Number of protein chains: 2
Amino acid sequence: MRPELETFQRLLTERGYRVTPQRMGIYEYLLDTKTHPSAEEIYQALKDRFPMMSQATVYKTLDLLLELGLIAQLGLGGQATRYDGNPDVHVNVYCSECHRIYDVMEPELPKLAESVARRSGFVVKGQRHEFYGICPECEARRSARMQER
Amino acid sequence: MRPELETFQRLLTERGYRVTPQRMGIYEYLLDTKTHPSAEEIYQALKDRFPMMSQATVYKTLDLLLELGLIAQLGLGGQATRYDGNPDVHVNVYCSECHRIYDVMEPELPKLAESVARRSGFVVKGQRHEFYGICPECEARRSARMQER
DNA sequence: TTCGTTGCAAACGCTTTGCAGCATG
DNA sequence: CATGCTGCAAAGCGTTTGCAACGAA
């Protein structure tokens with residue numbers, strides 16, 4: 001079993017929570033999926049494996065994973081909240097055309113966090129970085145469309 | 001009149017929109033308020049000045065201001081979306097205790113944007129940076145509480 | 001056997017929409 | 001005076017909640 005799933009099991013047991021197939025399935029899906037799905041997308045994707053599962057279970061499991069610090073939440077103002085199986089500090093780039101979200105590692109981020117803490121006087125506990133734009137594929141499709149005119 | 005309000009008027013007129021007291025009031029409030037209010041907070045704050053104004057007008061005006069690029073939107077997953085009268089690239093620091101949000105200027109951000117564009121291949125159009133933590137006041141209150149025990 | 005978890009459905013809160021009357025340009 | 005805007009109420013949608021039945025430990 002992948003190490004992240006083992007960690008999840010361990011944390012659940014340690015804190016008196018129970019290990020259920022739905023919980024493992026939801027976390028596994030989040031780890032596998034790179035496009036940062038919404039609760040609805042997770043629910044749809046797991047319908048085959050868990051035909052009886054309700055949306056409430058998805059939401060409750062996501063809350064639990066957030067509480068355990070295993071996932072991150074991306075609030076997109078208006079639209080449905082999306083979830084990121086990678087809780088480490090990184091940058092999310094969001095394509096306004098295809099609505100996919102990708103992760104980008106940025107080695108400068110820890111320095112930025114320090115600087116923000118210094119300037120603001122805050123005790124920094126977490127951070128989120130989002131860029132909006134057009135992904136390479138969508139951009140290529142756009143240029144192609146331009147060409148043919 | 002402050003330059004931002006003049007810009008707003010100009011943009012409205014240029015694009016065939018109309019200048020109304022409600023619109024000016026909402027934008028002015030966003031410029032004055034440093035805590036990044038939600039639509040509800042804006043509505044409550046302007047109730048005195050515009051007793052007849054509806055929430056719908058607040059939402060429609062916020063959409064318009066976003067479209068004109070005069071304000072920014074902060075999606076906070078679950079909670080109500082909040083609005084920032086400063087559309088320029090900056091960092092938001094969010095206090096998880098008092099829920100206030102402050103702006104921090106960071107001169108390194110343009111460099112970060114370049115780096116992200118290079119790594120991801122995206123055409124970057126916008127960005128948002130959020131830090132979570134405890135603000136100096138709340139932290140002081142916490143320490144004080146610790147002391148007295 | 002215990003008690004945390006699930007699935008269901010109803011409730012909830014934020015946001016959007018349709019429309020008649022109003023006010024701006 | 002034309003048409004874009006407002007206020008109102010209802011609808012929409014994502015998310016949360018209460019509860020009885022279920023299943024993990």
Side-chain angles (χ1 to χ4, degrees), chain A residues 5 8-27 29-30 36-68 71 73-83 99, chain B residues 5-6 8-27 29-30 36-68 71-83 99:
Chain A
L5 291 176
F8 186 25
Q9 287 205 353
R10 204 196 66 233
L11 285 171
L12 287 173
T13 309
E14 275 177 19
R15 311 208 180 186
Y17 296 123
R18 292 190 181 156
V19 177
T20 68
Q22 293 92 327
R23 286 180 175 171
M24 298 318 276
I26 290 167
Y27 185 38
Y29 181 72
L30 265 173
H36 307 65
S38 63
E40 172 68 22
E41 283 162 357
I42 298 170
Y43 172 69
Q44 290 301 333
L46 295 183
K47 241 186 172 161
D48 289 343
R49 252 175 91 189
F50 306 101
M52 287 291 99
M53 188 174 65
S54 73
Q55 312 227 40
T57 299
V58 176
Y59 282 108
K60 285 171 191 164
T61 302
L62 290 170
D63 283 348
L64 189 55
L65 285 163
L66 284 168
E67 184 193 320
L68 296 176
I71 64 171
Q73 201 180 34
L74 308 180
L76 297 174
Q79 304 156 70
T81 303
R82 294 171 63 170
Y83 298 87
H99 304 286
Chain B
L5 291 177
E6 278 175 17
F8 187 25
Q9 287 205 352
R10 205 196 66 234
L11 285 171
L12 286 172
T13 309
E14 275 177 19
R15 311 207 180 185
Y17 295 124
R18 292 190 180 156
V19 177
T20 68
Q22 292 93 326
R23 285 180 176 171
M24 297 319 274
I26 290 167
Y27 186 37
Y29 180 72
L30 265 173
H36 306 65
S38 63
E40 173 67 22
E41 284 162 357
I42 297 170
Y43 172 68
Q44 290 301 334
L46 295 183
K47 240 185 172 162
D48 289 342
R49 251 175 91 189
F50 306 100
M52 287 291 99
M53 187 174 66
S54 73
Q55 311 227 38
T57 299
V58 175
Y59 281 108
K60 285 170 191 165
T61 301
L62 289 170
D63 284 348
L64 188 55
L65 285 163
L66 284 168
E67 185 194 319
L68 297 177
I71 65 171
Q73 202 180 33
L74 308 179
L76 297 174
Q79 303 157 70
T81 303
R82 294 171 63 170
Y83 298 86
H99 304 287

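For clarity, every value in this text was computed on a predicted model and none was experimentally measured. Keep in mind that the numbers below use all heavy atoms, side chains included, and drop hydrogens, waters and symmetry copies. First the proteins, then the strands, lettered A, B, ... as listed; each starts at 1.
- The closest side-chain heavy-atom distance from B/T20 to B/L12 is not below 4.5 Å.
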What string of B, S and - do you get for nucleotides 17-25 of chain D 5' to 3' if you count protein non-hydrogen atoms under 4.0 Å? BB----BBS
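- When every heavy atom of B/Y17 is checked against every heavy atom of B/E67, the shortest pair comes out as OH-OE2, 3.0 Å.
- A heavy-atom distance below 4.0 Å to DNA chain D is reached by none of the residues of residues 41-49 of chain A.
- When every heavy atom of B/T81 is checked against every heavy atom of B/Q73, the shortest pair comes out as CG2-CG, 3.4 Å.
- Between B/S54 and D/dT6 there is no side-chain polar atom (N or O) within less than 4.0 angstrom of OP1 or OP2.
- Between the CG atom of A/L66 and the P atom of D/dT15 there is a distance of 12 Å, rounded to whole Å.
- Taking each heavy atom of B/R82 and B/H36 in turn, the nearest pair found is NE-O, 2.7 Å.
- Distance B/L74 CG to C/dC14 P: 16 Å, rounded to the nearest Å.
- Atom CG of A/L64 and atom C1' of C/dG4 are 11 Å apart (whole Å).
- With contacts defined as side-chain heavy-atom distances shorter than 4.5 Å, the pair B/T61/B/Y27 does not qualify.
- When all heavy atoms of B/P37 and B/Y29 are compared, the closest pair comes out as CG-CE2, 3.9 Å.
- Across the protein-nucleic acid pair, A/Q73 atom CD and D/dT16 atom P stand 8 Å apart, rounded to whole Å.
- Set against C/dG7, C/dT15, D/dT6, the side chain of A/Q22 has C/dG7 as its closest nucleotide.
- Distance CD1 (A/I26) to P (C/dT5): 13 Å, rounded to an integer number of Å.
- The closest side-chain heavy-atom distance from B/Y43 to B/T57 is not below 4.5 Å.
- Judged by distance alone, the side chain of A/R23 and the main-chain N or O of A/F8 form no donor-acceptor pair under 3.5 Å.
- As rounded to whole Å, 9 Å separates atom P of D/dT15 from atom CG of A/L62.
- Atom-to-atom, CZ of B/R82 to P of C/dC14 comes out at 12 Å; the value is rounded to the nearest Å.
- Listed pair A/Q79 / C/dT15 fails the phosphate criterion, with no side-chain N or O lying under 4.0 Å from OP1 or OP2.
- Looking at every heavy atom in both residues, A/P21 comes nearest to A/F50 through O-CZ, 3.4 Å.
- The backbone N or O of A/E41 lies less than 3.5 Å from no partner atom in the side chain of A/Q44, so there is not a single donor-acceptor pair.
- For the atom pair A/Q22 CD and A/M52 CE, the distance stands at 11.5 Å (nearest 0.5 Å).
- Here the shortest heavy-atom pairing between B/L62 and B/I26 reads CD2-CG2, 4.4 Å.
- In this structure, B/Y59 reaches the C/dT15 phosphate: one of its side-chain N or O atoms is under 4.0 Å from OP1 or OP2.
- Comparing the helix axis at one end of the helix from C/dT1-D/dA25 to C/dG25-D/dC1 with that at the other, each defined from 5 consecutive pairs, gives an inter-axis angle of 40° (nearest 10°).
- In this model, the phosphate group of D/dT6 is not approached by any side-chain N or O of B/Q55 to a distance below 4.0 Å at OP1 or OP2.
- Distance, B/L76 CG to C/dG13 C1': 15 Å, rounded to whole Å.
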